[in-house]
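The structure appears right after this line, and notes come after that.
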Amino acid sequence: MDSLDFLRTMIETVKYDDDYKNKDQLLNILRNSYLKFDQTNVFATKSYQFWEYVSLRVPVPMLNEAKRLKDVFERLAFDIYEETAEFDMKGLNIKPKVINREDNLHSEHDVVFDEIKDTIIQGIRNAKYTIWIAVAWFTDSEIYDELVVKKNEGVNVRIITSNEESNNKIISKLECEFEVVKVPLRGYWGNSRLHDKFCIIDLDYVMHGSFNWSKNANYNDETLATALDKDFARIFTDEFIKLYNEYK
């Protein structure tokens, strides 16, 4: 099996198999890692068959956490592994990911129609470096609290939102904590506005759709698409930077 296909299968299995209770931890590690098959010249149990190891290359900051979960990753790998006439799996190794490796090893796209707010909060919680938000209406205090937690952990949080009365309740709080750019209402009647709803996490994960970060949005029929895809995220990042520079 191709190493990329193997890793994708690990991710999908964790997502949908209820036997895995610590899904968030496992998925966060897998989505930021890559996988290799390390073949040996040691004979396995069949004639002319050799052992090989599945090596999960994990970002250095996640290494200790991954090693604590090694038994879970190894069980998962054994479940997925397909023995061949040439090789059989001996075990799984947790190794450090090569620093500055730029390969976009896989992309993952999904869409949700229910529990959208929970998906957004989980995306925020998974952030390690940056959270850049462009959203028309932001009035949800619970999402605000999650962002404050990440800011206090050192994550860079930037927010672009519409400068209008419906946002007044929370916008002063946002400005006290984060870099905030307010986009004015435009047009002859003042009814042209920022209408974006997207969030970029660590420049490689995007959440976007119809869902505003407001209490009312929880009662509507809404859509949220997510993408773990560096090239896709780069398009949103370019748009964010354009808006940020235009209205800051």
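Below, all heavy atoms of this structure are taken into account, side chains as well, without hydrogens, waters or symmetry copies. Residue numbers run from 1 in the order of the sequence given.
Contact check on Lys128 versus Glu153 returns no salt bridge, with no Lys/Arg side-chain nitrogen under 4.0 Å from an Asp/Glu carboxylate oxygen. A salt bridge is defined here as a Lys NZ or Arg NE, NH1 or NH2 lying under 4.0 Å from an Asp or Glu carboxylate O, and Asp2 with Arg8 fails to meet this definition. A salt bridge links Lys242 with Glu239: the closest approach of a Lys/Arg side-chain nitrogen to an acidic carboxylate oxygen falls below 4.0 angstrom.
Using the six-membered ring where Trp is involved, Phe138 and Trp213 have ring planes that are perpendicular, over 60° apart on the 30 and 60° scheme.
Shown here is Lys67, whose NZ atom has no more than 12 heavy atoms of other residues, nucleotides or ligands within 6.0 Å.
Figure legend: Lys173 and Tyr144 shown as a cation-pi pair, the cationic atom lying under 6.0 angstrom from the six-membered ring centre and within 45 degrees of its axis.
The closest donor-acceptor contact from the side chain of Thr226 to the backbone of Met207 lies at 3.5 Å or more, if one exists at all. Judged purely by atom type and a 3.5 angstrom limit, Asp202 has no side-chain atom pairing as donor or acceptor with the backbone of Ala127. For Ser210 (side chain) and Thr223 (main-chain N/O), a donor-acceptor pair under 3.5 Å exists by modelled atom type.
Tyr53 and Phe37 sit in two unconnected hydrophobic clusters of ILVMFWY residues. Membership requires side-chain heavy atoms under 4.5 Å apart, directly or through other members. One hydrophobic cluster, built from ILVMFWY side chains closer than 4.5 Å, holds both Val206 and Leu203.
Contact record, Asp229 with Asp231: OD1-N, 3.1 Å, taken as the closest heavy-atom pair.
Ring to ring, Phe240 and Phe236 are not that close: their centroids are 6.0 angstrom or more apart.
Side-chain contact between Leu147 and Glu177 is absent, with no heavy-atom pair separated by less than 4.5 Å. The closest side-chain heavy-atom distance from Phe87 to Trp51 is not below 4.5 Å.
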